[in-house]
Protein chains: 2
Amino acid sequence: MPGTLHLDGFLPYRLSIASNRVSNVIATAYQSLFGLRIAEWRLIAVLAESDGMSQQALGIATRMDKVMVSRAATALHDRGLVQRAPNPADQRSHLLSLSKAGQDLYEQVSPKALALERQLFSGFSAEEVRQLRSMLERLEEATAAFEPQQG
Amino acid sequence: MPGTLHLDGFLPYRLSIASNRVSNVIATAYQSLFGLRIAEWRLIAVLAESDGMSQQALGIATRMDKVMVSRAATALHDRGLVQRAPNPADQRSHLLSLSKAGQDLYEQVSPKALALERQLFSGFSAEEVRQLRSMLERLEEATAAFEPQQG
DNA sequence: CCGATATAGTAACAAATGTAACCAGTTTTC
DNA sequence: GAAAACTGGTTACATTTGTTACTATATCGG
C-alpha cells in the first residue's frame, strides 16, 4: 500500500510528542520552583554567560522573536532580575544584564536544570547523547530550506 | 565552575528548537496545501487505519486531550471529512470515521507527509533514524515519571 | 433500583503565542 | 543634509492552546 502513513511511525509526530512532554516537565519545574517561564529562563541563561546584550542579540542567541524577548525581558526587569542600561551605540536599545538577584537566581536554577536533564536522559549513553545532539542540529539546519526566504 | 549551564548545550532546549521548527514546516505545508491543522491531520491519519473510533480512543491514539480532539473533530465534521455515527455501546459518544471526501483527502495528504519526512531526514542514515526513534520513545517514557499522578 | 461517583463530550473562560501596526531613533541615498 | 527606507523595541489585536465547569449518560455500592 504505497503512500500510506502510520502516525506512530511518523517521525515529526514522535519528535513533537517527546519534545512537548520534555518541555512540560521543564516548564512545570521552573514555574513551581522559581516562578520562571521557559522564555525567561532562556534569557537568564544567556545573560549569565555574557553580560550587556541588546534584546535583538538575545533573540538570536535564544532563537526567539523580538516580541517574545520583549515580554520576557520586561517580566524579568519588573522582578528586578535584570537591569537595563542605555546602549551608547544606539539609543533605541538598552543593554541587559543580570542584577545581583538575577545572578543568585541563576545559581539556584542552573544546577536544578542540569539535574533534570540528567534525570531525563539517564537511560542514554554518552555516545547516544552525542548522536542526539548531532541529529537535532542537522534537523534544525534541514528546516532552513523551508524558511519563507532569507534564512 | 560547577552547576553552570550553557544554553546551546542544554538538550531540552535543542530538542524544543528542532521540534518546533519541524512542526512549523509541517504545519505550514498542511495548512497551505489542504487547509488542515496538525491536530486535524492526526485524527485523519488514525481514522484512515481504523474506522469507527470514539473521541476518547482518538485522544489516546494521538496523545491529545479530549478538548483538542473535540475541536479537531468538529472542524473535520463541519468540512464533511468525517462522519459521526451513534455509538451503540454508549450514548454519550459517537463513532467517528472518514467520509469518502476524508479518505480522498487522506490519500492526497499522506504521500505529501511522507515526502516531507523524507526530505527533512534526508541527511540521516537508516541506522540513525532507528536510533532516533528509539531515543524519542525512551524519552517519552522518562517523562512519565514526572506526571502529576496516575499516568 | 436509587443515590453517589465517574466518564464522554462540549462550552466557556483564561493564558499564551503569533501577527501586524506603531514609535522612536538610525542609516542610506541623492 | 533632508527625505526615504530601515531597525530596535513595544503595544495592540487575533489566533491558538490550556483549564475549568457543565450536561448527559453510565456505572457502582448498597
Side-chain angles (χ1 to χ4, degrees), chain A residues 16-17 19-21 23-28 30-32 35-43 47 52-78 82-96 147-150, chain B residues 16-17 19-21 23-28 30-32 35-43 47 52-78 82-96 147-150:
Chain A
S16 167
I17 297 294
S19 169
N20 289 336
R21 301 244 165 133
S23 286
N24 283 343
V25 168
I26 304 273
T28 302
Y30 289 178
Q31 183 64 54
S32 65
L36 287 177
R37 294 193 261 126
I38 286 185
E40 293 160 18
W41 156 248
R42 285 180 184 171
L43 293 196
L47 288 174
M53 290 179 78
S54 73
Q55 293 190 185
Q56 81 127 345
L58 282 167
I60 292 167
T62 59
R63 271 98 154 172
M64 302 194 299
D65 70 49
K66 62 184 185 174
V67 178
M68 282 286 266
V69 173
S70 173
R71 293 198 257 242
T74 47
L76 293 172
H77 185 246
D78 289 353
V82 313
Q83 299 161 335
R84 291 177 146 160
N87 182 348
D90 189 333
Q91 306 205 154
R92 290 167 301 180
S93 82
H94 6 250
L95 297 180
L96 306 192
E147 301 280 276
Q149 224 62 354
Q150 141 130 333
Chain B
S16 167
I17 297 293
S19 169
N20 288 337
R21 301 244 165 134
S23 285
N24 282 344
V25 168
I26 304 273
T28 303
Y30 288 178
Q31 182 64 55
S32 65
L36 287 177
R37 294 195 261 125
I38 286 185
E40 293 160 18
W41 156 248
R42 285 180 185 171
L43 293 197
L47 288 174
M53 291 178 77
S54 72
Q55 293 190 183
Q56 82 127 344
L58 282 166
I60 291 168
T62 59
R63 272 94 155 174
M64 302 194 298
D65 69 48
K66 63 183 183 173
V67 178
M68 282 286 265
V69 173
S70 173
R71 293 200 257 242
T74 46
L76 293 174
H77 184 247
D78 289 352
V82 314
Q83 299 161 336
R84 291 178 146 159
N87 183 348
D90 189 333
Q91 306 206 154
R92 293 167 300 181
S93 81
H94 5 249
L95 297 180
L96 306 191
E147 301 279 276
Q149 224 62 357
Q150 143 130 334

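Not measured: the values here are computed from a predicted model.
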Inset, instruction - Check whether any side-chain N or O of B:His77 sits under 4.0 Å from OP1 or OP2 of C:dT10, and answer yes or no. - result: no
Inset, instruction - Measure from CE on A:Met68 to P on C:dG18 and round the result to the nearest Å. - result: 6 Å
Inset, instruction - Send over the distance from B:Met64 CE to C:dA8 P, rounded to a whole Å. - result: 16 Å
Legend entry - Protein-nucleotide distance (B:Ile38, atom CD1; D:dT16, atom C1'), rounded to Å: 12 Å
Inset, instruction - Please round to the nearest 0.5 Å and tell me the distance separating atom CD of A:Gln56 and atom CG of A:Asp90. - result: 9.0 Å
Inset, instruction - Would you tell me if any nitrogen or oxygen in the side chain of A:Ser54 comes within less than 4.0 Å of OP1 or OP2 on D:dG8? - result: no
Legend entry - Of the listed nucleotides C:dG25, D:dT17, C:dA20, the one nearest the side chain of B:Arg37: D:dT17
Legend entry - Nearest-angstrom distance from the residue atom NE2 of A:His94 to C1' of C:dA24: 12 Å
Legend entry - Contacts of B:Arg71 that satisfy salt bridge (Lys or Arg N to Asp or Glu O under 4.0 Å) - sequence neighbours left out: none
Inset, instruction - Would you please confirm or rule out a distance under 4.0 Å between OP1 or OP2 of C:dA8 and any side-chain N or O of B:Arg84? - result: no
Legend entry - Given DNA chain D, 5'-ward residue of the pair A:Gln56 and B:Asn87, judged by closest heavy atom: A:Gln56
Legend entry - Whole-Å gap separating P (D:dT15) and CD (B:Glu40): 15 Å
Legend entry - C:dT10 phosphate, OP1 or OP2, under 4.0 Å from B:Gln55 side-chain N/O: yes
Legend entry - For the student: nearest non-hydrogen atoms of A:Leu43 and A:Met64, plus distance: CD2-CE, 3.9 Å
Legend entry - Heavy-atom pair with the smallest gap, counting every atom of A:Val82 and A:His77: O-CD2, 3.3 Å
Inset, instruction - Please report, rounded to the nearest Å, how far the P atom of D:dT10 is from the CG atom of A:Asp65. - result: 13 Å
Inset, instruction - Please work out if A:Asp90 contacts a base, only the sugar-phosphate, or nothing of the nucleic acid, heavy-atom cut-off 4.0 Å. - result: sugar-phosphate
Inset, instruction - Answer with base, sugar-phosphate or nothing: what part of the nucleic acid does B:Val69 contact at a heavy-atom distance below 4.0 Å? - result: nothing
Inset, instruction - Assess whether one donor atom and one acceptor atom, taken from the side chain of A:Arg71 and the base of C:dG18, lie less than 3.5 Å apart. - result: yes
Inset, instruction - Take the protein atom NZ of B:Lys66 and the nucleotide atom P of D:dA24, then report the distance between them rounded to whole Å. - result: 15 Å
Inset, instruction - Grab the CD-P distance between B:Gln91 and D:dT23 for me, whole Å please. - result: 19 Å
Inset, instruction - Determine the minimum heavy-atom distance between B:Glu40 and B:Ala75, stating which atoms define it. - result: OE2-CB, 3.5 Å
